[in-house]
Amino acid sequence: MYFLSGWPKRLLCAPRSPAEAPLHVQSDPRRAFFAVLAPARLSIWYSRPSVLIVTYKESAKSSTQFGSYKQAEWRPDSTMIAVSGIPHFKEEHCAPALNLEMKKILDLQAPIMSLQSVLEDLLVATSDGLLHLIHWEGMTNGRKAINLSTVPFSVDLQSSRVGSFLGFADVHIKDMEYCATLDGFAVVFNDGKVGFITPVSSRFTAEQLHGVWPQDVIDGTCVAVNNKYRLMAFGCASGSVQVYTIDNTTGAMLLSHKLELTAKQYPDIWNKTGAVKMIKWSPDNSAVIVTWEHGGLSLWSVFGAQLICTLGGDFAYRSDGTKKDPLKINSMSWGAEGYHLWVISGFGPQYTEIESDLRSIVKQPSILLFQFIKSVLTVNPCMSNQEQVLLQGEDRLYLNCGEASQTQNPKSSARTGHIPTREKSPFADGGLESQGLSTLLGHRHWHVVQISSTYLESNWPIRFSAIDELGQNIAVAGKFGFAHYSLLTKKWKLFGNITQEQNMIVTGGLAWWNDFMVLACYNLSDRQEELRIYLRTSNLDNAFAHVTKAPAETLLLSVFRDMVVVFRADCSICLYSIERKFDGSNTTANVQVLQEVSMSRYIPHPFLVVSVTLTSVSTENGITLKMPQQARDAESIMLNLAGQLIMMQRDRSGPQIREKDSNPNQRKLLPFCPPVVLAQSVENVWTTCRANKQKRHLLEALWLSCGGAGMKVWLPLFPRDHRKPHSFLSQRIMLPFHINIYPLAVLFEDALVLGAVNDTLLYDSLYTRNSAREQLEVLFPFCVVERTSQIYLHHILRQLLVRNLGEQALLLAQSCAALPYFPHVLELMLHEVLEEEATSREPIPDPLLPTVAKFITEFPLFLQTVVHCARKTEYALWNYLFAAVGNPKDLFEECLMAQDLDTAASYLIILQNMEVPAVSRQHATLLFNTALEQGKWDLCRHMIRFLKAIGSGESETPPSTPTAQEPSSSGGFEFFRNRSISLSQSAENVPPGKFSLQKTLSMPSGPSGKRCKDSDCAENMYIDMMLWRHARRLLEDVRLKDLGCFAAQLGFELISWLCKERTRAARVDNFVVALKRLHKDFLWPLPIIPASSVNSPFKNGKCRTVGEQLLKSQSSDPFLTSEMDAGITNIQRSQSWLSNIGPTHRDTDIASSPGPQMQDAFLSPLSNKGDECSIGSATDLTESSSMVDGDWTVVDENFSTLSLTQSELEHISMELASKGPHKSQVQLRYLLHIFMEAGCLDWCVVISLILRESSVVSQILSIAQSSEMDGEMLQNIKTGLHAVDRWASTDCPGYKPFLNIIKPQLQKLSEITEEQVQPDTFQPVTVGKTPEQSSPRAEESRGSSSRASISQSETGNNNVVSRNEEDTTQADDEEPFQDGAYDCSVS
């Protein structure tokens, strides 16, 4: 509606003495001039620019004779001003250079209380109870003054003339205002009574006057009249404003509404404002401004929606929280079109004398100009069928449709071209889709368009503006002519011929129809009212306009589909059809009159019509119509008559013309029925002509804004499944609802209301407070207008449920269930009903909560809605809520059954507060187990914290997530998590600090290293038991991948647990099943035998090694590269790797590996017995060769021949094909390391089979020799490998070559098992690989594949090791681990 903008301006009018200090301001009828009165001076100011034009100074003699100036009133043609105390000046205009001269002095023998200009007369009320009627030329015309005590007053006009007379000798009028549309005066008497005096006949004499008054107002102070809505606003001493209207039938005064501050919004000020001092309606009659004796100013819409109040927020308080003195206002007057408010500020406390200053300046009242921005709906209501919000300021427009260049999606750009109107007009379902939510809601900022300064120069102020349906073009009309702007090109288009522009005045508003601007104007040269249509794309010139002459002045204009509806000053409504016409190269529009309807019997005065709209709304909702396509035709005319919404439908009672017999235009000529009143106190009406079968409720509804009473929607009711409607059921229903914003647009399908709201910013801290003159920037905050929006769906659903229309509510809700904020809608509805009913003082006879709860159960979001609502509501209301929706324990179980664990966790918090700890522990355990099963790790962590909190009795404040993990676990899992688990994370995203694999000897120490209380121990034990049980289940089901995630995410100490479970859960019962499952889980392909492998070239060591190098560079590079990205450059890395690892490896290898080949393995051809080759040397070789693509020189020194044949390449590619994803490889190596360290050698064997790591076999063999090992485990490994061999022979021959390679180890293993007497000796996993393999193939594939695997495994391990350089403290224990990559033997 109206919004404050920026800071007020102060006009320079420094008075030289108190007698010249301004005390009253009054604008002329056209608001171009402002008369500013001082006690002995009259100044005339011009509005734009705001400058002083002329001043008349009263002589000292006459001011003592007649008193000082108090009030002023302008003659309607702005040629005279009457000033109370001394009436009458004449002004002779020659542009804004004015000449003021004293015209006449009338002495009315008593102080003048009020002046009012009535047509050609001036009405003067004096304090002796008389009303004088004076002609503007200064003659009393022989008419006697009317004595108020002879005017009869009654409660209404029907109680004839026997009303009581005022009866007191000293009663006089304190304030009065003439209302042209009611033809009478609203008056306030000095005793506080208020009334309305109207002449019974046209003669204005005491005998012909009659007054009515309301009996309940006894403290009136001032009055203001709204001519358009026929309202009288009376200010009261209590600080409220009572707004009355006149009953058309009885003539009595009826209370329409009150404007008062509520204790809820302004707790500290609402009853301390003092009496209402002044009320002023805005020029367009759509808002009213109120000010009080104690200061402050508030702005309200016509029917009482509060827009601005300066008694709270930043207006009332400084940034440091201290209270400001409210602005006191002596007088105020609206400027042109309501863009400014001229205010004379009073002697607030800030205007005190400064004693210390000898030249003590009395801070005088000054003239302030408040600036406003207003909604286009106030002046151009035809914009109400748009979904854009458009605000107009004095020289700029604010719109909410974002950048046109961004919003122009393919759909809209297709529509902007010149396509035939049929395609463009939205007849088809969903024809013109609403602009995307993103563009209309978008961000909080406005798209601001500066109006062309060339146009403003001669045509200020802007009177109308309009935006097209796509939000890409804007048109504005000022004093003369009009101009339009494209948001795509960012250019204004003005008339080329300025005389054409100055020759037309837009009278009835303007609207867009596709690419055309439709406007009603008055042609000054022909003195003719016209309807004109201009094409946007052609030059702005009358030559391209289509002009239709009109018989009378057009007051309002609106477009519906391909029709234009106009309302004229003779109270007739005319419907035109409009269509695009191609005339050679020109495109013009063709307009034809379709129908005229005279409304003079229903409309007392044409000025009272606020808006006229053609809609497709009818009391029949389309199902009952004989022809369904008529449902979206121009069915009815909606007329807002001074706030009463009147509907005239087409009369379909007569014989219906069948579609095919008639031409399309005849159908529109159906007559209209007599009007019906739909609603009262209506400010704006929204309706759309789009259709959407899915959302018929919302699109066929009529939306009304009713000021302080909120909004109303006239909703169609549809029978379910196209059943025949019940004859007794109404087909539409009017539902009221309240929203917190002032509505400016309705997004029909999206169930949103868009609006704007004033926001304030304080800048007072930038100024020192004791500056000589307080800055306006300190006294006032800076005002900005923010975009805002609100959901209304929950209000409508609730209203339907209250009226037992649950079926309709369900249909409506289901049609909107796809909206992103639908869950929020259900939650809001539940929350509001709960708060109202649960906090009600009196018992509620028919509570709505059970109905709402039952309604919400119809939606899958029921469980979330209830728990979110409960968590946002105070605990005291929970019992009431769950009595209606069901026991939280049952709801918790439903969540578990529906696998909605997050919602279940929310219910757990409720159970914790409502039930004893045992119950919440029981439910928490259930949820914890389910979360473990589903791998919801975040939830698991919360559950661990929750269970600990219950145990330690701190249920109210659960502790933060436990971080006490053993270094071993945290290090390993940290590595695992960053390295392998996060799916999309490439190594370059990982910060370098993340990779420190701190390895310690992991011995079981329970989940928390620091034990504080005994009570905790039991709780921790309880949690441990659940974690162990889950780990056991995972291992039994061979879900190693899940086990790894579980350990990494929850910090579970896998190694210590595996050590304990080595002979129980951590045994591999069936090697073949385990192998298959790992292949599947890690997406690892089963190996295949290359076709050429029988005569493979890799028979000699040289070639084999080179192939292996190639392989390595390809397969392991990613692993290395990831390390590279972690911040180490290639060279640094190679140095650190070689220097760091090389020597250690040599030493440890001598100790741990059985063969003497280690010394000559570095960078030399590898022998056939490569599998027993030292791990360290293999690693070093790999490292150097696969460092970077170009880093092959090291290898070349030893291998001079690197020529690869076709078959060799084929072989290499086959090897690569049998590798799984790199990520899986890292994960498997990690698991291999874990199992190795825990001594679960059978698992190590299974993993090394997949990775085809023969080195692991060697390592296990070395362990078996060097330490004691469980004979049972070795036996298990042996039988397992035999089983794998059998399976490979039948089902997976690709495994045979590798099994052949490890055949020697397997034989050794058999020997060891036979030798071993102690059942519990330790033996390395690697030792056992299938022995029974002798085939010509074994030899060749043995070399290549085992090589490859060694090098891979090594690379991996070294990565870990090098990352770990810092961890020197534990280095001694870890040497065996550092030896080889992940395959570390238990230390």
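Side-chain atoms are counted along with the backbone in the values below, which use heavy atoms only and exclude waters and symmetry mates. Computed from a predicted model, the values in this text were never measured in an experiment.
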Chemist: Decide yes or no for L1027 and F928: does some side-chain heavy atom of the first lie under 4.5 Å from some side-chain heavy atom of the second?
Modeler: yes
Chemist: Going through the checks in order, is the side chain to side chain contact (heavy atoms under 4.5 Å, CB included) test met by L1058 and L1035?
Modeler: CA-CA 10 Å; L1058 285 172; L1035 260 187; 3.8 Å; yes
Chemist: Quick one, Q864 and L826 - any side-chain contact, counting heavy atoms below 4.5 Å?
Modeler: no
Chemist: Can you tell if the side chain of K1041 reaches within under 4.5 Å of the side chain of K1080, non-hydrogen atoms only?
Modeler: no
Chemist: Which pair of heavy atoms, one from I1247 and one from L1231, lies closest together, and at what distance?
Modeler: CD1-CB, 3.9 Å
Chemist: Go through L819 and V825 one step at a time and tell me if the side chain to side chain contact (heavy atoms under 4.5 Å, CB included) criterion holds.
Modeler: CA-CA 10 Å; L819 290 174; V825 169; over 6 Å; no
Chemist: So which of H942, R941, K936 actually passes side-chain hydrogen bond (donor to acceptor under 3.5 Å, both in side chains) with D938?
Modeler: R941
Chemist: Side chains of V1072 and D1291: does their closest heavy-atom pair fall under 4.5 Å?
Modeler: no
Chemist: Roughly how far, to the nearest 0.5 Å, is the CH2 atom of W1084 from the CG atom of L1078?
Modeler: 11.0 Å
Chemist: Between W1243 (side chain) and A1066 (backbone), is there a donor-acceptor pair under 3.5 Å?
Modeler: yes
Chemist: Any idea which heavy atoms bring F1082 and S1224 closest together, and the distance?
Modeler: O-OG, 2.8 Å
Chemist: Salt bridge check: are E1036 and R1033 linked by an N-O gap of less than 4.0 Å?
Modeler: no
Chemist: Of all the heavy-atom pairs spanning M1021 and W1028, show the shortest one and how long it is.
Modeler: CE-CZ3, 3.7 Å
Chemist: Give me the atom names and distance for the closest heavy-atom approach of I910 to P888.
Modeler: CG2-CB, 4.2 Å
Chemist: Taking the side chain as C-beta and beyond, is there a heavy-atom pair between L881 and T873 under 4.5 Å?
Modeler: no
Chemist: Within this structure, what is the OG1-CG distance for the pair T903 and L891, rounded to the nearest 0.5 Å?
Modeler: 11.0 Å
Chemist: Does the side chain of C940 come within less than 4.5 Å of Q1049's, by heavy atoms?
Modeler: no
Chemist: Just wondering, more than 12 heavy atoms not from H1079 lying within 6.0 Å of its NE2?
Modeler: yes
Chemist: Do N1276 side-chain atoms and V1068 backbone N/O form a donor-acceptor pair below 3.5 Å?
Modeler: yes
Chemist: Examine distances only and state if a side-chain atom of Y1295 and a backbone atom of W1287 form a donor-acceptor pair shorter than 3.5 Å.
Modeler: no
Chemist: Between E827 and R871, does any NZ, NE, NH1 or NH2 come within less than 4.0 Å of an OD or OE carboxylate oxygen?
Modeler: no
Chemist: Between H1233 (side chain only) and R1229 (backbone N and O only), is there a donor and an acceptor less than 3.5 Å apart?
Modeler: no
Chemist: How close do N913 and Y875 get, counting heavy atoms only, and between which atoms?
Modeler: O-OH, 3.3 Å
Chemist: CG of L834 to NZ of K872: how many Å apart, nearest 0.5 Å?
Modeler: 13.0 Å
Chemist: Taking all non-hydrogen atoms of both residues into account, name the closest pair between A924 and L947 and its distance.
Modeler: CB-CD2, 3.7 Å
Chemist: Hey, does the side chain of S920 reach the backbone of Q912 with a donor-acceptor pair shorter than 3.5 angstrom?
Modeler: no
Chemist: Consider ring-ring contact (aromatic ring centres under 6.0 Å, His included). Of Y907, F946, F892, which one does H923 pass it with?
Modeler: F892
Chemist: Answer whether the closest heavy-atom distance between the side chains of R1039 and R1077 falls below 4.5 Å.
Modeler: yes
Chemist: What is the distance from atom CG of L1050 to atom CD1 of I944, rounded to the nearest 0.5 Å?
Modeler: 5.0 Å
Chemist: As an exercise, state the distance from CG of D1024 to CH2 of W1057, rounded to the nearest 0.5 Å.
Modeler: 12.5 Å
Chemist: Just do the side chain to side chain contact (heavy atoms under 4.5 Å, CB included) check on Q814 and F859 with the steps written out, would you?
Modeler: CA-CA 9 Å; Q814 283 164 348; F859 297 92; 4.1 Å; yes
Chemist: CG/L911 to CG/N887 distance, rounded to the nearest 0.5 angstrom?
Modeler: 7.5 Å
Chemist: Would you check if R921 and E1019 make a side-chain contact, meaning some heavy-atom pair closer than 4.5 Å?
Modeler: yes
Chemist: Determine the interplanar angle of the H1030 and F1046 rings, folded into 0 to 90°, and report it as parallel if under 30°, tilted if 30 to 60°, perpendicular if over 60°.
Modeler: perpendicular
Chemist: Yes or no on salt bridge (Lys or Arg N to Asp or Glu O under 4.0 Å) for R1062 and E1272, after CA distance, side-chain angles and deciding distance?
Modeler: CA-CA 11 Å; R1062 192 185 299 140; E1272 210 178 305; over 6 Å; no
Chemist: Might you work through the side chain to side chain contact (heavy atoms under 4.5 Å, CB included) test for V867 and C869, ending with a clear yes or no?
Modeler: CA-CA 5 Å; V867 78; C869 176; over 6 Å; no
